[in-house]
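First the structure, in the form of C-alpha cells, and then the observations on it.
Letters go in sequence order (proteins before strands), and every chain restarts at 1.
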Protein chains: 2
Amino acid sequence: MANNKYQFFIFLYMNGQNYPEFTGLELSPRKVDYLKFIFEKRGTVKTTEISSCLQVDPSTTSKTLNELANAGYLNHVPYRGVDLTELGKAYAEFLVRRHRILSLLFTHYGLSTEEACTEVSRFEAFVSRDAVNKICSSMGHPLIGVCGEISHEKCFHEEHYH
Amino acid sequence: MANNKYQFFIFLYMNGQNYPEFTGLELSPRKVDYLKFIFEKRGTVKTTEISSCLQVDPSTTSKTLNELANAGYLNHVPYRGVDLTELGKAYAEFLVRRHRILSLLFTHYGLSTEEACTEVSRFEAFVSRDAVNKICSSMGHPLIGVCGEISHEKCFHEEHYH
DNA sequence: TGATAATTTGGGATTACACCAAATTATTCT
DNA sequence: AGAATAATTTGGTGTAATCCCAAATTATCA
C-alpha cells in the first residue's frame with residue numbers, strides 16, 4: 001500500500017492532545033502484523049524476535065522494519081532494534097482495537113475465539129477505521145475482547161467529528 | 001492466489017447433486033469481482049461490458065478472463081465472450097451469498113447499506129466459507145440481504161458435513 | 001468488402017511479499 | 001583485547017496480483 005518513502009498524517013488537536021487522522025487502510029496486511037507484534041511486545045524489539053514469530057527470514061523483517069520506519073511508525077537503530085514512534089503507538093492501538101472488535105463480533109456469530117481470531121487476521125487490514133468506530137459504538141464500546149482487553153483511550157467516535 | 005494454470009476441486013455427491021468442496025479463499029479480490037459481475041449479468045458477457053463496469057482496460061479484463069477460464073470457472077470463446085461453467089456458477093453463488101451475509105451483518109452495526117457494501121467489498125475475498133456458513137446459521141439463514149436476496153440453495157451448513 | 005469496433009497479445013510497470021548469499025556490525029568468550 | 005560467533009542488513013531474485021499501452025487480430029456492420 002505505502003511504498004512511498006514517506007507517509008504524511010494530518011494531526012487533529014483536541015482535548016490537549018494530538019490525534020492523527022487516518023483511514024485505517026494505510027498499511028498492508030503484513031505490516032499490520034509487524035506493528036501489532038511490536039506494540040504488544042512493548043519497548044525495543046529485535047529483528048530475530050519478529051522473524052521467528054512471524055515465521056519469515058530475518059532479511060525480510062529487516063526490510064519491512066526499514067519501510068515502517070521510513071513511513072514514520074518506527075524508530076529504527078540499525079543492528080539494535082526498533083520501537084514505536086508516537087504515530088506508531090497511536091496507530092498500533094487502533095490496529096489492536098480493530099482486531100479485537102472484529103474478533104469479538106465474529107464470536108457472536110458462532111465462531112470460536114481461535115476461529116474468529118484467525119479469520120479476522122486474514123482480512124482486518126481492509127476494514128476502515130470509520131467502520132470499526134461505528135461497530136464499536138454500536139456494540140457499546142465493549143471492554144472485554146476475545147484476545148485481550150479493548151482500549152478505547154484514543155478511540156474516535158463520530159460524535160467527535162461534528 | 002491461484003496462479004496455477006489449473007485448479008482442482010473435489011466434488012461431494014449429496015442429495016443427487018455434486019457440490020464442489022472449497023475454502024472460499026481460492027480467488028483473489030479482483031477475480032471475485034469478475035465472477036460476481038458475470039454471475040449477476042447471467043448468460044454470456046462481453047469483455048467491454050466488464051471493463052467499463054470494473055473500470056479497467058479491456059486488455060486487463062481479457063487476461064483475467066483467460067485466467068478464470070483456465071481455472072475452470074468460465075467458458076471463454078475468444079472474441080465472443082464468457083459464461084460461467086457449473087463450477088463457476090456454484091462458486092459465484094457462494095461469492096454473492098458471502099457478500100450479502102457480510103453486508104447484512106455490518107448494517108446491524110451502524111453502517112448504512114452503501115457503507116457496508118463498500119466495506120465488505122474490500123475484504124470479502126479473505127473470509128472463509130466456513131466462517132460464512134457459521135455466520136449464516138447464526139443469523140438464521142436470512143433471506144433478505146442488503147444488496148438483494150440471499151440464496152441458500154447450495155449453502156452447506158455444518159450439519160451436512162457430519 | 002472495407003471500415004470500424006471489439007478483443008487479444010506482447011511488453012512493461014508497480015506493490016507486496018518472500019528467500020538466499022554475502023557483507024556488516026554486535027556480542028561473547030577466552 | 002582479539003577472535004569466533006551470532007545477529008542484522010544489503011544486494012540480488014522471484015512470484016503473484018494488478019494495472020496500462022501499443023500493436024495485432026477478429027468481428028461486425030454499412
If you compare every side-chain N and O of S28(B) against the phosphate oxygens of dA16(D) (OP1, OP2), does one of them come in below 4.0 Å?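 So the side-chain polar atoms of S28(B) never come under 4.0 Å of the phosphate oxygens OP1 or OP2 of dA16(D).
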Sidechain-backbone polar pair: E26(B) side chain, G24(B) backbone, donor-acceptor under 3.5 Å: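 A pair under 3.5 Å: yes.
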N/O donor-acceptor pair under 3.5 Å between S51(A) side chain and T61(A) backbone: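 Not a single qualifying donor-acceptor pair exists.
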Using whole Å, what does the distance between atom [atom2] of nucleotide [N] and atom [atom1] of [X] come to?
X: L65(B); N: dT9(C); atom1: CG; atom2: P; result: 11 Å
X: N70(B); N: dA16(D); atom1: CG; atom2: P; result: 14 Å
X: E49(B); N: dA5(C); atom1: CD; atom2: C1'; result: 16 Å
X: L54(B); N: dC19(D); atom1: CG; atom2: P; result: 8 Å
X: L74(B); N: dT8(C); atom1: CG; atom2: C1'; result: 16 Å

When you check every protein heavy atom under 4.0 Å of nucleotides 23-30 of chain D, what one-letter string (B, S, -) results, 5' to 3'? --BSSS--
Listed once per pair and sorted, the salt bridge (charged side-chain N to carboxylate O under 4.0 Å, His left out) pairs that draw on residues 70-82 of chain B, sequence neighbours left out: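 Every pair satisfying salt bridge (charged side-chain N to carboxylate O under 4.0 Å, His left out) with a residue in residues 70-82 of chain B: there are none.
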Filter on salt bridge (charged side-chain N to carboxylate O under 4.0 Å, His left out), then keep only pairs touching residues 102-126 of chain A, sequence neighbours left out; what's left?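 Of all non-adjacent pairs touching residues 102-126 of chain A, those that pass salt bridge (charged side-chain N to carboxylate O under 4.0 Å, His left out) are K36(A)-E124(A), E115(A)-K134(B), E119(A)-R122(A).
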Mind checking side-chain hydrogen bond (donor to acceptor under 3.5 Å, both in side chains) for E49(B) and listing every partner two or more places apart, or none if nothing turns up?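 Scan of E49(B) (side-chain hydrogen bond (donor to acceptor under 3.5 Å, both in side chains), adjacent residues dropped) gives K41(B).
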Apply side-chain hydrogen bond (donor to acceptor under 3.5 Å, both in side chains) to S59(B) and list each qualifying residue two or more places apart in sequence or on a separate chain.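 Counting only residues at least two positions away or on another chain, S59(B) forms a side-chain hydrogen bond (donor to acceptor under 3.5 Å, both in side chains) with D57(B).
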Within residues 56-64 of chain A, which residues have any heavy atom lying less than 4.0 Å from an atom of DNA chain C?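 V56(A), D57(A), S59(A), T60(A), K63(A), in order of number.
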